[in-house]
Amino acid sequence: RTFFLSLSNSHTPCPSIPTNNVESELSVITPIGCFGKSRNGNVNKILEDSKGDIWFATNNGISRWRVATNEWDIYYQNKQAQAQVFLALCEDNEGNIWAGSFSSGFYVLDRNTGKELVHYPRNTSDLKSDGKFIMNIYKDSEGDIWIGGIQDVICYLTKEKRFHTYGAQPMRTFMEFSPGKMLLACT
């Protein structure tokens with residue numbers, strides 16, 4: 001296994017640190033260029049998508065490393081009218097990337113282009129939430145997308161293509177305990 005690491009917030013190169021992998025063989029953590037042009041080392045979440053690209057939710061937007069070509073894409077960097085601080089990332093079964101922000105709700109992005117497909121919260125007939133502070137996004141075994149944070153717990157029911165809001169329950173993270181049962185780490 002090879003591990004990747006970036007710890008630098010400055011314009012200096014990122015350090016390489018040796019570590020042991022699960023097979024107890026020496027492996028080197030390889031620096032990945034401090035997130036391309038963004039130079040943003042404040043990483044809150046990392047996601048490897050189904051195509052092998054690595055997405056980083058940072059304190060200044062979202063960075064995507066296209067591993068196969070060693071190219072970088074930067075989204076929402078220095079956007080005062082939009083979110084900047086992203087805390088959560090998740091890929092749905094259709095290959096879309098869900099990104100949760102601190103103060104601007106959550107976004108659904110096209111994995112291939114990075115184009116914003118939709119931005120929530122916006123009151124729709126099935127999403128009655130002003131949840132703007134998103135701490136985690138999780139896909140369960142049914143493919144449903146769970147969104148949680150400071151305000152509400154929301155589930156996007158993929159088969160029904162609608163949202164269900166569970167009401168005020170501040171939480172930090174969750175995981176599936178078993179099909180149909182979620183564990184929430186509440187605040």
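Predicted model only: the values in this text are computed from it and were never measured.
- Between the side chains of Asp152 and Thr165, no donor N or O sits under 3.5 Å from an acceptor N or O.
- Here the side chain of His119 pairs a donor or acceptor atom with the backbone of Ser104 at under 3.5 angstrom.
- Here salt bridge (Lys or Arg N to Asp or Glu O under 4.0 Å) pairs that include residues 93-107, with residues two or more places apart or in two chains, are Glu94-Lys161.
- Rounding to the nearest 0.5 Å gives a distance of 7.0 Å between CG of Leu117 and CG of Leu109.
- Residues Met135 and Met175 do not share a hydrophobic cluster, clusters being chains of Ile/Leu/Val/Met/Phe/Trp/Tyr side chains in contact below 4.5 Å.
- Between Ile74 and Gln77, the closest heavy-atom pair is CG2-OE1, 3.1 Å.
- Asn136 places none of its side-chain heavy atoms less than 4.5 Å from the side chain of Leu87.
- At a threshold of 4.5 Å between non-hydrogen side-chain atoms, the residues Asn70 and Trp65 count as touching.
- In this structure, Val67 is a member of the same hydrophobic cluster as Phe56, with clusters built from ILVMFWY side-chain heavy atoms closer than 4.5 Å.
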**Prompt:** Can Gln84 and Ser101 be said to form a side-chain contact (heavy atoms from CB on, under 4.5 Å), step by step?
**Reply:** CA-CA 7 Å; Gln84 284 185 271; Ser101 74; over 6 Å; no
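- The side-chain heavy atoms of Trp98 and Phe106, taken from C-beta on, include a pair separated by under 4.5 Å.
- For the atom pair CD1 of Ile97 and OH of Tyr107, the computed distance is 16.0 Å after rounding to the nearest 0.5 Å.
- Side chains of Trp146 and Tyr166 form a contact here, defined as non-hydrogen atoms less than 4.5 Å apart.
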**Request:** Take Asp144 and Lys139 through the side-chain contact (heavy atoms from CB on, under 4.5 Å) test and state the conclusion after the steps.
**Result:** CA-CA 6 Å; Asp144 294 335; Lys139 180 178 74 170; over 6 Å; no
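- Under the 4.5 Å side-chain heavy-atom criterion for ILVMFWY residues, a single connected hydrophobic cluster contains both Ile137 and Val108.
- Side chains of Phe163 and Ile147 form a contact here, defined as non-hydrogen atoms less than 4.5 Å apart.
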**Verdict with reasoning, Ile145 to Cys90, per side-chain contact (heavy atoms from CB on, under 4.5 Å)** = CA-CA 8 Å; Ile145 304 295; Cys90 181; 4.2 Å; yes
Check residues 46-54 and write down every donor-acceptor pair under 3.5 Å in which the side-chain atom is one partner and the other belongs to a residue at least two apart or another chain.
from  : atom 1 : to     : atom 2 : distance (Å)
Asp49 : OD1    : Lys51  : N      : 2.8
Asp49 : OD1    : Gly52  : N      : 3.0
Asp49 : OD1    : Asp53  : N      : 3.0
Asp49 : OD2    : Trp55  : NE1    : 2.8
Ser50 : OG     : Glu91  : OE2    : 2.8
Ser50 : OG     : Arg111 : NH1    : 2.6
Lys51 : NZ     : Asn112 : OD1    : 3.0

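- In summary, the side chains of Thr58 and Asn42 do not present any donor paired with an acceptor at a separation below 3.5 Å, with no hydrogens or angles considered.
- Note: Asp92 CG to Tyr156 OH = 8.5 Å, rounded to the nearest 0.5 Å.
- Under the side chain to side chain donor-acceptor pair (under 3.5 Å) criterion, the residue pairs touching residues 174-184 are Ser141-Glu176, with sequence neighbours excluded.
- With sequence neighbours excluded, no residue satisfies salt bridge (charged side-chain N to carboxylate O under 4.0 Å, His left out) with Glu71.
- The side-chain contact (heavy atoms from CB on, under 4.5 Å) search around Leu184 returns Val153, Gln169, Met171, Phe174, Met182, Cys186, not counting sequence neighbours.
- The line from CG of Asn96 to NZ of Lys115 is 12.0 Å long, rounded to the nearest 0.5 Å.
- If you check the side chains of Tyr75 and Glu116, you find no donor sitting under 3.5 Å from an acceptor.
- With sequence neighbours excluded, the residues satisfying salt bridge (charged side-chain N to carboxylate O under 4.0 Å, His left out) with Asp73 are Arg64, Arg66.
- A donor-acceptor distance shorter than 3.5 angstrom exists from the side chain of Asn44 to the backbone of Phe86, with no hydrogens or angles considered.
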